[in-house]
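Given the structure is predicted, the values throughout are model-derived calculations rather than measurements. Naming convention: chains lettered A, B, ... in sequence-line order (proteins, then strands); numbering from 1 in each chain.
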2 protein chains.
Amino acid sequence: MADIKSGVNLLFLREEELRQGIEMLFFAYRDFTAEPDVILADYGFGRAHHRVIYFVGRSPGITVSDLLATLGITKQSLSRVLSQLVAEGFIIQTPGLRDRRQRLLELTGKGVALERQLTEEQRQRIARAYREAGAEAVQGFRKVMLGLIDEKDRARFPQRLPARGLPRGRS
Amino acid sequence: MADIKSGVNLLFLREEELRQGIEMLFFAYRDFTAEPDVILADYGFGRAHHRVIYFVGRSPGITVSDLLATLGITKQSLSRVLSQLVAEGFIIQTPGLRDRRQRLLELTGKGVALERQLTEEQRQRIARAYREAGAEAVQGFRKVMLGLIDEKDRARFPQRLPARGLPRGRS
DNA sequence: ATTTTATGTCAGCCATATTGACTTATTTAC
DNA sequence: GTAAATAAGTCAATATGGCTGACATAAAAT
């Protein structure tokens, strides 16, 4: 029992714990994003399309700039995906009222339906994990996850109710 | 106060909570993987190289099959990356003793050094998040993350000490 | 009137993944 | 001992989703 509390052993436990953390993130993200791929393939879409649909659905009326900031990609990368989604009637663009340079993005009915379909499995996966882990564990999960996220992005996760009406960002 | 406990409101809270879960996973993974990219670029490597180096470092002597299963990619995809890492002296292959068809993978000294450098920031990020959240939150985090991971991969995360010597998998 | 901003587009490049077909050693099974 | 299965590798073609750089247009801000 002496060595169990030894420094070396503590270091080993810590190293193992941290590595498991790294790997849990890898596998959770991998398994989590794998599910919608089948559905996306039916539409000739990829994960990039899902992300766009997701975040437009999340913040209806979001500007292109804000969407770019959220996704963390260049406008050229977004362009290909977004044009497709607009062309195929999943997203509509309407000029901003205050600033007519903006093209505010919204899901169409078709877009909402696809978003639902794509995200449903993921929602269920999270719901199941939350349910099985219990409320207290979920609080711990949130706490650690927020610590992992860059400080600049933490404002996206209000403790309780988010402000309604205006989506996040400058818009 | 009446509507706070109403069914609609509960559903909204639940929907919001689940969506935040989805998004936390997205941002955490994004921010988490962004850091090593700078270092990788110096070597002309990408994230795929990091993953290979990481898991070979994690399970020295791992077989190509096991590595493929862990990464969840095809051998053709692995091939390019792995050949590069072998050619540039970050990984060595040695024939398996029991089964000489196998090419067991190990990091060289150079490989270990790079793995350290690449993973160090990630380790620190996790360590900080764990430290700030506290032991109880970490337990909750683990619980939820394991629930998110496909059942088949959960065996990779033993509650306490992993078996020493032989790495996981059939090997 | 000039500059800045929001958005879009063209062109080319790179990394990483895929499928399919085929090869070479080696081990396992009959 | 021969046949079948397995571990690993390779060649070729393709798709996806990023990137940079350069340039265009309209609207807002100075």
Side-chain angles (χ1 to χ4, degrees), chain A residues 26 29-30 33-34 36-38 40-56 61-87 91-105 169-171, chain B residues 26 29-30 33-34 36-54 56 61-87 91-105 169-171:
Chain A
F26 172 74
Y29 190 78
R30 183 148 96 45
T33 53
D37 286 1
V38 189
L40 287 162
D42 289 346
Y43 292 83
F45 292 155
R47 285 179 194 178
H49 298 85
H50 186 190
R51 290 199 281 269
V52 170
I53 288 180
Y54 179 87
F55 283 111
V56 170
I62 191 174
T63 65
V64 172
S65 310
D66 283 352
L67 182 56
L68 285 175
T70 299
L71 295 171
I73 59 175
T74 60
K75 64 178 173 178
Q76 294 92 329
S77 295
L78 175 60
S79 166
R80 242 178 331 194
V81 174
L82 183 55
S83 334
Q84 257 183 289
L85 289 170
V86 170
I91 287 179
I92 42 166
Q93 299 170 306
T94 57
L97 288 179
R98 291 205 328 279
D99 185 337
R100 298 200 328 273
R101 290 172 302 181
Q102 298 179 332
R103 312 230 182 140
L104 308 185
L105 306 173
R170 47 190 188 287
S171 108
Chain B
F26 172 74
Y29 190 78
R30 182 149 97 43
T33 52
D37 287 1
V38 188
I39 303 163
L40 286 162
D42 290 345
Y43 291 84
F45 291 156
R47 285 179 195 179
H49 299 84
H50 187 187
R51 292 198 281 269
V52 170
I53 287 179
Y54 178 86
V56 170
I62 191 175
T63 65
V64 172
S65 311
D66 283 353
L67 182 56
L68 285 175
T70 300
L71 294 171
I73 59 176
T74 60
K75 64 179 171 178
Q76 294 92 328
S77 295
L78 175 60
S79 165
R80 230 175 334 144
V81 173
L82 183 55
S83 331
Q84 259 183 287
L85 289 170
V86 170
I91 287 179
I92 41 165
Q93 298 171 306
T94 58
L97 288 181
R98 290 204 330 278
D99 186 336
R100 299 203 325 276
R101 290 172 303 181
Q102 299 178 330
R103 311 232 182 140
L104 309 184
L105 306 173
R170 48 189 186 287
S171 110

(request) Give the intermediate values and the outcome of side-chain contact (heavy atoms from CB on, under 4.5 Å) for residues A/L104 and A/T63. (result) CA-CA 5 Å; A/L104 308 185; A/T63 65; 3.7 Å; yes

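- Between B/R100 and C/dT27 there is a side-chain N or O to OP1 or OP2 distance below 4.0 Å.
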(request) Begin from the C-alpha positions of A/L105 and A/V52 and carry the test side-chain contact (heavy atoms from CB on, under 4.5 Å) through to its verdict. (result) CA-CA 10 Å; A/L105 306 173; A/V52 170; 6.0 Å; no

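- Separation of atoms CG (B/L67) and CD1 (B/I62) is listed at 5.0 Å; rounding is to 0.5 Å.
- Side-chain atoms of A/S79 never come within 3.5 Å of backbone atoms of A/K75 as a donor-acceptor pair (strictly under, hydrogens ignored).
- What separates CG of B/L71 from C1' of C/dA17 is a distance of 12 Å, to the nearest Å.
- The distance from atom CD of A/Q84 to atom C1' of D/dT16 is 10 Å, rounded to the nearest whole Å.
- A sub-4.0 Å separation between OP1 or OP2 of C/dG8 and a side-chain N or O of A/R103 is present.
- Of the listed nucleotides (C/dA6, D/dA22, C/dA17), C/dA6 has the atom at the smallest distance from the side chain of A/R101.
- The phosphate of D/dC19 has OP1 or OP2 within less than 4.0 Å of a side-chain N or O from A/T74.
- Note: CG (A/L68) to C1' (C/dT5) measures 14 Å, nearest angstrom.
- Considering only the side chain of A/Q76, C/dA11 comes nearest among C/dA11, C/dA17, C/dG20.
- With contacts defined as side-chain heavy-atom distances shorter than 4.5 Å, the pair B/L82/B/Q93 qualifies.
- A residue-by-residue look at A/R51 and A/D99 shows that A/R51 has its nearest nucleotide of DNA chain D further toward the 5' end.
- Taking every side-chain heavy atom of A/Q102 into account, C/dT7 is the closest of C/dA17, C/dT7, C/dA11.
- Contact annotation: the side chain of A/L85 never approaches that of A/V56 to less than 4.5 Å [non-hydrogen atoms, C-beta and beyond].
- Using a 4.0 Å heavy-atom cutoff across all strands shown, B/G44 reaches no nucleic acid atom at all.
- Proximity of B/R30 to the phosphate of D/dG18: no side-chain N or O atom is located under 4.0 Å from OP1 or OP2.
- The A/S83 side chain lies nearest to C/dT9 when the options are C/dG8, C/dT16, C/dT9.
- One interatomic measurement links the two molecules: CZ of B/R47 to P of D/dG17, which rounds to 15 Å at whole-angstrom precision.
- Between the C1' atom of C/dT5 and the NZ atom of A/K75 lies a distance of 10 Å, rounded to the nearest Å.
- If you find the closest nucleotide of DNA chain C to A/L78 and to B/L78, the one lying nearer the 5' end belongs to A/L78.
- Side-chain atoms of A/Q93 and base atoms of C/dG8 include no donor and acceptor less than 3.5 Å apart.
- One interatomic measurement links the two molecules: CG of B/L82 to C1' of C/dA15, which rounds to 16 Å at whole-angstrom precision.
- Rounded to whole angstrom, the span from the CG atom of B/D37 across to the C1' atom of D/dG17 amounts to 14 Å.
- Of the side-chain N and O atoms in B/S77, none sit less than 4.0 angstrom from OP1 or OP2 of C/dT16.
- What separates NE2 of B/H50 from C1' of C/dT16 is a distance of 16 Å, to the nearest Å.
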